[in-house]
Each structure stands twice: as C-alpha cells, then as structure tokens.
Visitor: 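Structure provided below as structure tokens; questions to follow.
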Amino acid sequence: MEKIQVNVGGASAFVSASGIEALVPDGKAALAKLTDGTGLGNDFLGWVKLPTETSDELLDDINATASRLCELCDVVVAIGIGGSYLGAKAVIEALSNSFASYIPSNTPKVLFAGQNIGEDYLYELKEYLRDKKFGIIVISKSGTTTEPAIAFRVLREQLEAQMGREEANKRIVAVTDEHRGALRTLANTEGYKTYVIADNVGGRFSVLTPVGLLPIAVAGFDIKALVEGARQMEKATLSGSDSSAMTYAIYRNALYRSGKKIEILVNYNPKLHFFGEWWKQLYGESEGKDHKGIYPAAVDNTTDLHSMGQWIQEGERIIFETVISVAKADNELRIPFEESNLDGLNYIAGKRVDEVNKMAELGTRIAHIDGGVPNLQVVMPAITEQSLGQLIYFFEAACGISGYILDVNPFNQPGVEAYKRNMFALLEKPGYEEETAAIKAKI
C-alpha cells in the first residue's frame, strides 16, 4: 500500500532535539485521549473510528441515492456552510478535470450554495438553474443556520415552481439531525430522502460522513476508495504503526513555541486549492482558542510565488510552511523544442512539465529554509480517492493531537457565535430585543 509520507528534515534545524523529545510524551498522551475518549470535547470523537465503522451498506445506499439524482438531474446543488461544504468541495475539485464541467460526463454538475450570503451569487445561481433539471442536497443539522437556510428556502421555492412539489421532493435529499430540528421536521413532512449527521461528529470532521460522501458520489467519484484510504490511515495511526500524524503535530507545536505563529499550507497543484480551504477551517476552528493557536493560511504555488513569495522569503520570521507534494501526476506533457528558441526554453525541451514543477518546488523549499522559514513536507502518492482519504484522516488525527498538546478543546468553536448574536440583533430577530437595543447604542 502506497501511503502518504511526512518529511520533517526542513524543520529540524529550527527546533532543538531536546524540544522535540520533550513533546513526545505529550503527543502520545494526546493520541491516547483520542483513542480512549478522555480529553476535552470527547463527545465529538465520532470521527476517530468513523472510517472503519462506516458500513458498506451505507456506502451502497449513498451510491444508490447518487445514481437516482444522476438520472433525474443535470445539476445538483449542495447547500451547506463550513464543514458541510468545504470537504466535499475539496475532494471534488481535486479529482475533477480542470476544464470539463463534470467528470465523468454522465454525472450532474455539482454546484454549491449556502456558503455565503452573496445576493448576486444566489441570484445568478437562480438564473443559471432556470429551466434546468436540478436537485438539491441540503446539509444542516438544525435547518436554521442562516446562510444555508436562506439558500434552501430560495432554491426550494424555485425547484417546486419548475417541477411541481411532488417531483421536487424526489429531487431533494436532506442530511440532518436524526430526530430534531427544523430540517428534520420538514424532511419528515415532505418525505425527502434523508441521511443523519451524527451528534458526535463535528462539521469540520464530517467529510467522510454522508455530508461529504453524497455530493462526492453524485460528482461521479469512488467514495468506497476514499473511505478505504481513510481506513488505512486510521488503522495505522491508532495502532501506532504509523506515527506521522503525531510527528507532524509535535513539530508544528515545537515551531509554535519557538515563535512561529503562522502555518502556511502550500501546494504545487492547482487541484488542491480547496483542500487548503478545508484545512484552514479544520485547524482554525480547532486550535484558535484562549488567545492561543497557530494561524492557518494557504498558498497555491507556483502562482503565489509571484505574489506572496516575496513576503514568505523576506518578511517577518513568524511563519513556517507545510508543503503538500504530489509524487505522480495523472498525465504526461513534455515541453517542445523550438528552433528559434526566442523564449530561451530549449534547455528544458523534452522534459515533462511536472519535472519542472517539482524542481520549482524543491528550489523554493531550499530558498525558504535558507531564508529562515521551516518546512514540513507531506508527500501523497497521487491525487486519487485513496490518497485523499489518507490525507484527510492524517490531518484530522494530527489536528486532534495538536489541539490537545496546545491544551485547548479541539472540538468546539464558541467564538463562531459572536458574529451571529450581533447579526441577529441588527436584523431584529425575535428574542434578541435586549441585544438589539445594546448594539444600536454602540452604533
């Protein structure tokens, strides 16, 4: 089995061996908290053994629902925000052809809504869907989260107007709480096909549940291979036969204690852009508490070497990088020879584009290390469902370990509620009268 590999050599010069050794007991204790459920937030540890506990029957049922949507729809809109959106988006973008509307050609185009409150975005989506055969996957535990609730209300009205209520209900799937909440009530009333968001799996850890698996299956990708990759990493991590997640967590905490406050996730493959977005939520919501935590950022190289590269090379030395390297490209393309050589590229004529890209990656890593930026490297064999499953579980496990080393609860997000209270007060939501009066006094 080809597995992802972690290389810490680019960071070892920036932290002492004794500092790393001192954190090893903390890393082992943190992993034990994940496996035995004794740490903070232990009521949200359902993701830890989720891959091995996911049944083939559930995966078959998700694939059957995806096939039905494929038969009925040309477009499927997945409505959700945060973890209810980013995981599926990351995997679909990573596996899709960069220029085809969808791959394979017999699957619907998967679009996303409910991840913002952009009026133009939603209006333009409505216009695009006009007279199209579309369906909806609505993902919300409560059914009342503002952004997806607005999108679902608007698009459900349109779907019912275009198809009729009975036909529309066949094209709506709800992923929600098992027993309670506004969306569960509506789904039971209207007879929507439903899947459950487990109480013990937080949103940012939910990509390997129906939250992520259903949109990924609709897009035509192999969710069984995705889950199998995660199973491989789960078994290796929890058994102790692969300590890469713990090693990564230990090194990033050692770097943090040495004054490196910002971690930049770097990719050299544009297909991984949204993986960086998923990773930012995973680590930002998990670690940013009690005025502590590494700030997660992401760049797409070599593109961002022509924008952020200067700052990374010579800016304030409070950063370190984690580079995702892809060992094998899917396709082969060689640079042609030109007699005139006006662009001076004949010295690389005949080389694969991927070889040039890898030399750019290696050259950048060396330059950044020489410039005082520690580099951790995570190497994935290729961008496949199996490798992505491994990578997802690797970062999830490392996140839990890292959060416990940092001594925070990695599985709550109390700070997210502050903006909501202010927004509800400003919109004069019933029940927020006191907050409305208080916030109006401030403005």
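Numbers here simply count residues along the sequence, with the first being 1.
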Visitor: Output the distance between atom CG (Asn375) and atom OH (Tyr251), rounded to the nearest 0.5 Å.
Guide: 13.5 Å
Visitor: Rounded to the nearest 0.5 Å, what separation is found between the OH atom of Tyr295 and the CD1 atom of Ile262?
Guide: 8.0 Å
Visitor: Would you check if the distance from the ring center of Phe274 to the ring center of Trp278 is below 6.0 Å?
Guide: no
Visitor: Do other residues, nucleotides or ligands put more than 12 heavy atoms under 6.0 Å from the OH atom of Tyr121?
Guide: yes
Visitor: If the test is side chain to side chain donor-acceptor pair (under 3.5 Å), which one of Glu396, Gln281, Glu285 qualifies with Arg204?
Guide: Glu285
Visitor: Cation-pi between Lys260 and Phe320: NZ/CZ under 6.0 Å from ring centre and within 45° of the ring axis?
Guide: no
Visitor: State whether Glu228 and Lys224 are salt-bridged, where the test is any N-O pair (Lys NZ or Arg NE/NH1/NH2 against Asp/Glu carboxylate O) under 4.0 Å.
Guide: no
Visitor: Strictly by modelled atom types, are Gln232 and Gln390 linked by a side-chain donor-acceptor pair under 3.5 Å?
Guide: yes
Visitor: I need the Glu53 CD to Leu208 CG distance, nearest 0.5 Å.
Guide: 12.5 Å
Visitor: Is the shortest distance from a Lys or Arg side-chain nitrogen in Asp242 or Lys3 to a carboxylate oxygen in the other one below 4.0 Å?
Guide: yes
Visitor: Looking only at side-chain N and O atoms, does Asp177 offer a donor or acceptor that is under 3.5 Å from a partner on Ser142?
Guide: no
Visitor: Got more than 12 heavy atoms from elsewhere within 6.0 Å of CD, Glu166?
Guide: no
Visitor: Considering residues, nucleotides and ligands other than Lys289, do more than 12 of their heavy atoms fall under 6.0 Å from its NZ?
Guide: yes
Visitor: Taking the six-membered ring of Tyr128 as reference, does the cationic atom of Lys132 (NZ for Lys, CZ for Arg) lie under 6.0 Å from its centre and within 45° of its axis?
Guide: yes
Visitor: Specify whether Tyr432 and Phe424 have parallel, tilted or perpendicular ring planes, treating 30° as the upper limit for parallel and 60° as the lower limit for perpendicular.
Guide: perpendicular
Visitor: For Tyr256, does the six-membered ring have the charged nitrogen or CZ of Lys261 within the cation-pi criterion, i.e. under 6.0 angstrom from the centroid and within 45° of the normal?
Guide: yes
Visitor: Any side-chain donor paired with an acceptor under 3.5 Å for Asn169 and Arg165?
Guide: no
Visitor: Counting heavy atoms not belonging to Lys126, are there more than 12 under 6.0 Å from its NZ?
Guide: yes
Visitor: Measure up the Phe395 and Tyr248 rings against each other and bin them: parallel (under 30°), tilted (30 to 60°), perpendicular (over 60°).
Guide: perpendicular
Visitor: Between Glu321 and His368, do the side chains contain an N or O donor and an N or O acceptor separated by less than 3.5 Å?
Guide: yes
Visitor: Is there a side-chain contact between Lys358 and Asp354 (heavy atoms, below 4.5 Å)?
Guide: yes
Visitor: How far does NZ of Lys49 sit from CG of Leu238, to the nearest 0.5 angstrom?
Guide: 7.0 Å
Visitor: How many angstroms lie between atom NZ of Lys292 and atom CG of Leu406, to the nearest 0.5 angstrom?
Guide: 5.0 Å
Visitor: Surrounding CD of Glu157 (heavy atoms of other residues, nucleotides or ligands, distance under 6.0 Å), is the total greater than 12?
Guide: no
Visitor: Under a 4.5 Å cut-off applied to non-hydrogen side-chain atoms, are Ser325 and Met380 in contact?
Guide: no
Visitor: Look up atom CD1 in Ile392 and atom CD in Glu234, then write down how far apart they are to the nearest 0.5 Å.
Guide: 13.5 Å
Visitor: With no hydrogens and no angle check, just 3.5 Å: does a side-chain donor-acceptor pair link Asn42 and Lys33?
Guide: no
Visitor: Without hydrogens or angle criteria, can the side chains of Ser244 and Gln5 be said to hold a donor-acceptor pair below 3.5 Å?
Guide: no
Visitor: Do other residues, nucleotides or ligands put more than 12 heavy atoms under 6.0 Å from the CD atom of Glu332?
Guide: yes
Visitor: So, is the end of the Lys193 side chain (NZ or CZ) under 6.0 Å from the ring centre of Tyr195 and within 45° of the ring's axis?
Guide: yes
